Amino acid sequence: MPYFLNIVVFVIVVSIIYLSKKYNLFVDKKIDKHKKLVSTKKNYFLGGLIIALFLSSTTILQNNLLLGLLYISIFLVGLFSDLRFFNNPVKRILVQFFTLFFFVYILDVKIFETKFLPIDNTILQNNVLNFLFVVFCLMILINGSNFVDGINTLFISYIIMILLMMLFHLNDFMHDSDNIKDLLFILFLIFLFNLFGIIILGDSGSYLLSLYLGLYLIELSNLNMLISPFFIVLLLWYPCFELLFSIIRRKIKKKNSYNPDTHHLHQMLYKFVASKNNFHQNFNHFITSLIIIFYNFVSFSIAFGFHNHTQNITFVILVNIFVYIYS
């Protein structure tokens with residue numbers, strides 16, 4: 001992105017934040033228990049709007065209007081959730097499913113290989129089942145990412161880390177790297193305002209950002225057979241396992257699987273960090289995020305060295321799961 005455009009983008013972002021604060025728009029209402037746990041300060045779920053503006057303009061320039069419409073649709077589902085117009089989690093999941101399935105079918109998004117034979121030889125060989133499998137994977141990712149986004153800077157740092165490490169280690173395999181660099185500039189701006197608790201991603205931002213990454217990684221895996229599909233799973237293991245483990249945990253405790261709670265790893269770690277000091281909430285958010293991001297950075301750094309070795313990648317995933325459960 002040219003230097004002049006960087007300045008223009010910065011001015012637009014600051015203007016959006018200023019107008020939202022002046023007219024009290026996109027305010028995150030701290031009604032739910034899981035939100036009150038980590039912050040009672042007023043902030044604005046503008047991250048999704050900023051990312052939606054960037055992705056929709058990019059798809060228009062690339063003449064990929066259907067993909068842009070998918071981004072806008074998922075953004076709106078998240079925005080209605082943020083605005084509390086869409087409080088029923090079951091209905092929200094159904095809307096996610098039908099929206100994703102429609103666009104996955106129209107855009108012909110498929111997974112070519114998982115290197116797990118029972119799936120490769122059955123599900124992926126049937127077009128409809130393949131589409132359903134793609135939708136299932138994307139729904140786990142976007143809802144798990146929304147769980148992870150309960151601490152300021154955590155999810156956006158996770159995405160920034162993945163994109164930076166991919167540019168550094170896998171640049172020869174990547175397509176559309178210039179667009180990713182432009183997106184990283186946008187994400188760094190959001191990160192700075194998120195760090196100080198001014199804006200948050202919100203459901204709209206976490207849905208949209210995780211959807212973008214999920215679709216990009218599916219395409220990256222399909223185009224590069226030298227990259228193990230399990231390496232893609234590793235990059236996304238944390239938000240996905242956060243969701244799967246939460247469902248299992250709630251089923252064991254006989255609690256509603258759809259309602260939010262305060263027993264996610266990042267929330268428990270935040271409570272531990274906050275109990276050990278008298279720092280500002282924003283700083284405790286950053287410390288909590290830093291601990292989780294640093295662990296994943298070490299894990300990914302090891303795995304990038306053998307991104308085409310499925311057995312080694314699988315071992316790293318299992319270690320990560322063990323560390324998560326033990327923690």
Side-chain angles (χ1 to χ4, degrees), residues 6 9-22 24-30 32 34-55 74-75 78-79 81-83 141-142 144-164 180-213 238-239 242 260 264-267 269-271 273-274 279-294 296-297:
N6 286 339
V9 169
F10 178 78
V11 171
I12 291 174
V13 170
V14 172
S15 299
I16 290 173
I17 295 173
Y18 170 77
L19 291 173
S20 295
K21 296 187 75 171
K22 181 177 181 179
N24 215 32
L25 304 172
F26 300 98
V27 180
D28 181 36
K29 298 178 181 179
K30 308 294 184 180
D32 299 318
H34 67 289
K35 290 188 175 183
K36 291 180 180 180
L37 171 69
V38 294
S39 176
T40 56
K41 178 184 176 181
K42 179 190 290 187
N43 43 37
Y44 304 83
F45 43 85
L46 293 170
L49 176 62
I50 295 168
I51 295 169
L53 290 173
F54 171 78
L55 291 180
I74 291 300
F75 163 73
L79 180 62
S81 176
D82 287 325
L83 293 171
L141 176 61
I142 66 176
S145 299
N146 191 39
F147 279 10
V148 169
D149 192 43
I151 296 290
N152 287 350
T153 74
L154 176 53
F155 181 61
I156 194 167
S157 297
Y158 190 78
I159 299 296
I160 289 173
M161 174 187 63
I162 290 175
L163 294 179
L164 284 175
I180 287 183
K181 292 174 184 177
D182 293 340
L183 175 61
L184 277 168
F185 176 76
I186 302 291
L187 296 183
F188 274 118
L189 285 181
I190 297 173
F191 171 85
L192 289 176
F193 289 108
N194 188 223
L195 178 62
F196 295 101
I198 299 172
I199 68 173
I200 60 174
L201 283 174
D203 293 358
S204 54
S206 60
Y207 285 178
L208 185 55
L209 194 52
S210 56
L211 174 65
Y212 168 83
L213 183 62
Y238 173 48
E242 180 73 71
H264 300 294
L265 176 64
H266 59 274
Q267 293 165 332
L269 183 57
Y270 171 82
K271 287 187 284 187
V273 170
F279 297 140
H280 190 275
Q281 278 183 343
N282 292 337
F283 191 67
N284 287 329
H285 279 235
F286 180 67
I287 294 175
T288 304
S289 173
L290 194 61
I291 293 170
I292 296 175
I293 294 301
F294 178 74
N296 280 287
F297 174 78

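Note that the coordinates shown come from a computational prediction; the quantities given were computed from them, not determined experimentally.
Two residues are said to be in side-chain contact when any heavy atoms from C-beta on lie closer than 4.5 Å; Tyr238 and Leu154 meet this criterion. In this structure, the side chains of Val13 and Phe193 come closer than 4.5 Å at one or more pairs of heavy atoms. Between Tyr212 and Ile180 the shortest side-chain heavy-atom distance falls below 4.5 Å. Contact check for Ile199 versus Ile16: no side-chain heavy atoms found under the 4.5 Å cut-off. At least one side-chain heavy atom of Phe54 sits less than 4.5 Å from a side-chain heavy atom of Leu183. Side chains of Leu184 and Ile160 form a contact here, defined as non-hydrogen atoms less than 4.5 Å apart. In this structure, the side chains of Asn296 and Tyr158 come closer than 4.5 Å at one or more pairs of heavy atoms.
With rounding to the nearest 0.5 angstrom, the CG atom of Leu265 is 5.0 Å from the CD1 atom of Ile292. Remark: Ile12 CD1 to Leu189 CG distance equals 11.0 Å, nearest 0.5 Å. Taking CG of Leu46 as the reference point, atom CD1 of Ile51 lies at 11.0 Å (rounded to 0.5 Å).
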What verdict does the side-chain contact (heavy atoms from CB on, under 4.5 Å) test give for Val273 and Ile291, after you've listed the backbone C-alpha separation in whole Å, the side-chain angles of each residue and the deciding distance to 0.1 Å?
CA-CA 10 Å; Val273 170; Ile291 293 170; 4.2 Å; yes
CA sep, side-chain torsions, deciding dist, call: Asp182, Val9, side-chain contact (heavy atoms from CB on, under 4.5 Å):
CA-CA 10 Å; Asp182 293 340; Val9 169; over 6 Å; no
Yes or no on side-chain contact (heavy atoms from CB on, under 4.5 Å) for Leu83 and Phe45, after CA distance, side-chain angles and deciding distance?
CA-CA 9 Å; Leu83 293 171; Phe45 43 85; 3.6 Å; yes
side-chain contact (heavy atoms from CB on, under 4.5 Å) evaluation trace for Gln281 with Tyr270
CA-CA 10 Å; Gln281 278 183 343; Tyr270 171 82; 3.7 Å; yes
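Looking at residues two or more places apart in sequence or on another chain, you find a side-chain hydrogen bond (donor to acceptor under 3.5 Å, both in side chains) between Ser81 and Asp203. Listed by chain and number, the residues in a side-chain contact (heavy atoms from CB on, under 4.5 Å) with Asn194 are Asn152, Thr153, Ile156, Ile200 (sequence neighbours excluded).
At most 12 non-hydrogen atoms from other residues, nucleotides or ligands lie less than 6.0 angstrom from CZ of Phe297.
In this pair, Phe286 and Phe283 present their aromatic rings tilted. The plane angle is within the 30 to 60° band.
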